[in-house]
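Here the structure is laid out as structure tokens; the discussion comes afterwards.
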Amino acid sequence: MDNRPIGMFDSGVGGLTVFKEVKKQLPNENIVYLGDTKRFPYGSKSKESIIELTKQGIEFLIGQNVKLIVIACGTATSQALEEVKKIYSIPIIGIINSTVEYLEHKYRDKEPQIGVIATKGTIRSNGWQNKIELLMPKAKIKTMGCPLLAPMAEEGWTDNKIAELTVKEYLKNIKNVDALILGCTHYPLVEEHIKQVLGNVKFFNGAPNLAKHLKDVLVEG
Ligand code: DGL
């Protein structure tokens, strides 16, 4: 067993939703968490900037002697994961693949309407959409960039009227979906408001499936 910690990285507090889930499923693992709040938000930055910031985050974590890196950020996963995997030999895992694989399993042989909400950069990159189309060609996808949600969550505004109304406004165009992917790791922090608007729609955030995947990787490894 490799006793070195897992490295985890996000632009801010959003990745802590992943941290919590990994700790729950892998209680004996130590985690070094980097929240790059100085350069927050990532969601509105160019792909080139996201790649550069992700490289810096990874190099910082490699310097902490971690055994594996989790990119606990939808924006960095969708725009930088493939690039950084080509550069570094350390295993690097993002939040998209394991979540879409789980969805595919859940909706196999069905034609679900899937909503994806995420930062503007993530939506622009089609990161979730490409993976869904690849694994679930029959799915219909609706996407919505929600640029104000992560900054609000970062500010601690998750439980007030402003958060409630902002979520409501963004979700106006995401009605009638069977499943909703919370494509940014900050969004589970406003999940209660999302539930209020969409009722019994099923929610998927990256954290539980990533943690399960991580468990498989670490046990196999
Ligand atoms: N938590 C992030 C994500 O999953 C990024 C939010 C931001 O920095 O804009 O996309």
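Everything quoted here is computed from the prediction, not taken from an experiment. Ligands are counted one by one from 1 in listed order, and the atoms in each one are counted from 1 as well.
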Hey, which atoms in ligand 1 end up nearer than 4.0 Å to a heavy atom of [X]?
| X | result |
| --- | --- |
| C184 | 1 (N), 2 (C), 3 (C), 4 (O), 6 (C), 10 (O) |
| F40 | 7 (C), 8 (O) |
| G43 | 7 (C), 8 (O), 9 (O) |
| A150 | 6 (C) |
| Y42 | 7 (C), 8 (O), 9 (O) |
| D10 | 1 (N), 2 (C) |
| T119 | 6 (C), 9 (O), 10 (O) |

side-chain contact (heavy atoms from CB on, under 4.5 Å) with I181: of I117, I95, I96, V116, only one passes, and it is V116

Among H105, E104, R108, which residue satisfies the side-chain contact (heavy atoms from CB on, under 4.5 Å) criterion with L135? E104

Write out the residue and atom name of the closest protein heavy atom to [atom], then the distance separating them to 0.1 Å.
| atom | value |
| --- | --- |
| atom 5 (C) of ligand 1 | S11 OG, 3.4 Å |
| atom 1 (N) of ligand 1 | H186 ND1, 2.7 Å |
| atom 10 (O) of ligand 1 | T75 OG1, 2.6 Å |
| atom 4 (O) of ligand 1 | G74 N, 2.6 Å |

Could you go through the side chain to side chain contact (heavy atoms under 4.5 Å, CB included) check for H186 and D10 one step at a time? CA-CA 10 Å; H186 281 73; D10 181 41; 3.4 Å; yes

Determine, using the 4.5 Å side-chain heavy-atom cutoff (strictly less than), whether L68 and V66 are members of one ILVMFWY cluster. no

Is it possible for you to say whether L16 and F203 belong to one hydrophobic cluster, with membership spreading through side-chain heavy-atom contacts below 4.5 Å? no

Determine whether Q196 and V167 satisfy the following criterion, side chain to side chain contact (heavy atoms under 4.5 Å, CB included), listing intermediate values before the conclusion. CA-CA 10 Å; Q196 260 177 35; V167 166; over 6 Å; no

Between Q25 and P208 (side chain of the first, backbone of the second, donor and acceptor by atom type, cut-off under 3.5 Å), is there such a pair? yes

Indicate whether any N or O donor in one side chain lies under 3.5 Å from an N or O acceptor in the other, for Y42 and D36. yes

